[in-house]
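Remarks on the structure that follows.
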Amino acid sequence: MNYFHRIIFAALLTSLVSACATQSPVNSKPAWIDNPGNGVSASAGIHVRGRAAQEELATLRAREEFAKRFGVSINAIQSMDTTVTNGRAYTVGADSANENTQQNDIKAAVKAKWIDPDSDELWVWLVPAYELDSHTQNH
C-alpha cells in the first residue's frame, strides 16, 4: 500500500470512528418516559396473552395514572385462570373497567409507544387529546 492510500485509509477510519462516537444508539430510551410533559407514561412487561394484551395493559395503566391527575377514578378488574391438563396449559382471562369522573370528560390518546429491546417491556405515552389535535393542525 503506498503512502497516498494509507492517508486516505486513515482519514476514512478517523471519520468513521468520530461518526460512530457522536451517534446515539438507535434503541435508546425516549425522553418522554422520564419526562412525559402534560401526559403520562406507563409500561407493561411480557404478557402471557401476547403483545396486544401487553399493549392493552400498558394503556390501561397509563389511563389510570392520567385519570388521577384530572379527578377521574377508574376501577379496573382483571382475572386470569390457568388450568394445566395433561401437560397443556389453558388460560382464560376477563377484564373490565369502570370510569367515574367528577369533572368534564377528558379525552386522552396514545402519542407514542416504545419497546425496550433488553427487557421486552412496552411503554406507552398518553397525552391529552387536545395536544394531538393542535399538533396535527399545526403541521
Side-chain angles (χ1 to χ4, degrees):
M1 195 184 279
N2 67 25
Y3 181 72
F4 180 69
H5 287 112
R6 287 182 188 179
I7 290 175
I8 291 182
F9 178 74
L12 287 173
L13 185 60
T14 303
S15 64
L16 178 65
V17 169
S18 64
C20 290
T22 58
Q23 289 180 347
S24 62
V26 173
N27 291 327
S28 64
K29 184 169 125 178
W32 54 259
I33 290 176
D34 294 325
N35 184 14
N38 288 338
V40 297
S41 61
S43 68
I46 297 171
H47 200 286
V48 70
R49 289 175 28 210
R51 184 72 75 196
Q54 182 183 22
E55 184 175 332
E56 188 177 314
L57 179 58
T59 303
L60 179 63
R61 288 176 177 167
R63 287 177 58 214
E64 288 174 346
E65 186 61 34
F66 186 84
K68 288 178 192 175
R69 290 188 180 188
F70 293 98
V72 178
S73 63
I74 298 176
N75 297 320
I77 299 171
Q78 288 187 323
S79 64
M80 294 182 66
D81 294 320
T82 302
T83 305
V84 178
T85 306
N86 296 328
R88 291 185 156 194
Y90 302 94
T91 303
V92 177
D95 57 1
S96 65
N98 184 18
E99 298 180 19
N100 181 20
T101 180
Q102 288 80 33
Q103 299 181 12
N104 295 332
D105 287 338
I106 300 159
K107 298 184 188 277
V110 174
K111 184 172 184 176
K113 300 174 197 171
W114 180 72
I115 298 175
D116 185 331
D118 297 327
S119 64
D120 212 25
E121 188 170 13
L122 173 69
W123 286 87
V124 296
W125 184 16
L126 195 73
V127 298
Y130 64 81
E131 282 192 15
L132 285 179
D133 293 339
S134 66
H135 180 69
T136 53
Q137 290 173 356
N138 291 334
H139 293 295

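The residues of the chain are indexed from 1 along the displayed sequence.
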Closest approach of [X] and [Y], non-hydrogen atoms and distance?
X	Y	value
Trp32	Trp114	CZ2-CB, 3.9 Å
Trp125	Pro36	NE1-O, 3.0 Å
Ala108	Phe66	CB-CE2, 3.7 Å
Val124	Ala58	CG2-O, 3.5 Å

| task | Under the salt bridge (Lys or Arg N to Asp or Glu O under 4.0 Å) rule, collect the residues that match up with Asp116, sequence neighbours excluded. | result |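 In terms of salt bridge (Lys or Arg N to Asp or Glu O under 4.0 Å), with neighbours along the sequence ignored, Asp116 is linked to no residue.
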| remark: Asp34 meets the salt bridge (Lys or Arg N to Asp or Glu O under 4.0 Å) criterion, sequence neighbours left out, with Lys29
| task | Please step through side chain to side chain contact (heavy atoms under 4.5 Å, CB included) for the pair Lys68 and Val40, ending with a clear verdict. | result | CA-CA 10 Å; Lys68 288 178 192 175; Val40 297; over 6 Å; no
| remark: To the nearest 0.5 Å, atom CD of Gln54 lies from atom CG of Asp120 at 6.0 Å
| said: Applying side-chain contact (heavy atoms from CB on, under 4.5 Å), can you list everything that pairs with Glu55, at least two apart in sequence or on another chain? | reply: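 Applying side-chain contact (heavy atoms from CB on, under 4.5 Å) to Glu55 gives Thr59, Lys113, Leu122.
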| request: With sequence neighbours excluded, tell me which residues meet side-chain contact (heavy atoms from CB on, under 4.5 Å) with Ala42. | output: Arg61, Ala62
| query | Looking at residues at least two apart in the chain, or sitting in another chain, which of them share a side-chain hydrogen bond (donor to acceptor under 3.5 Å, both in side chains) with Asn35? | reply | none
| field | Residues which pass side-chain hydrogen bond (donor to acceptor under 3.5 Å, both in side chains) with Ser43, listed by chain and number, not counting sequence neighbours | value | Glu121
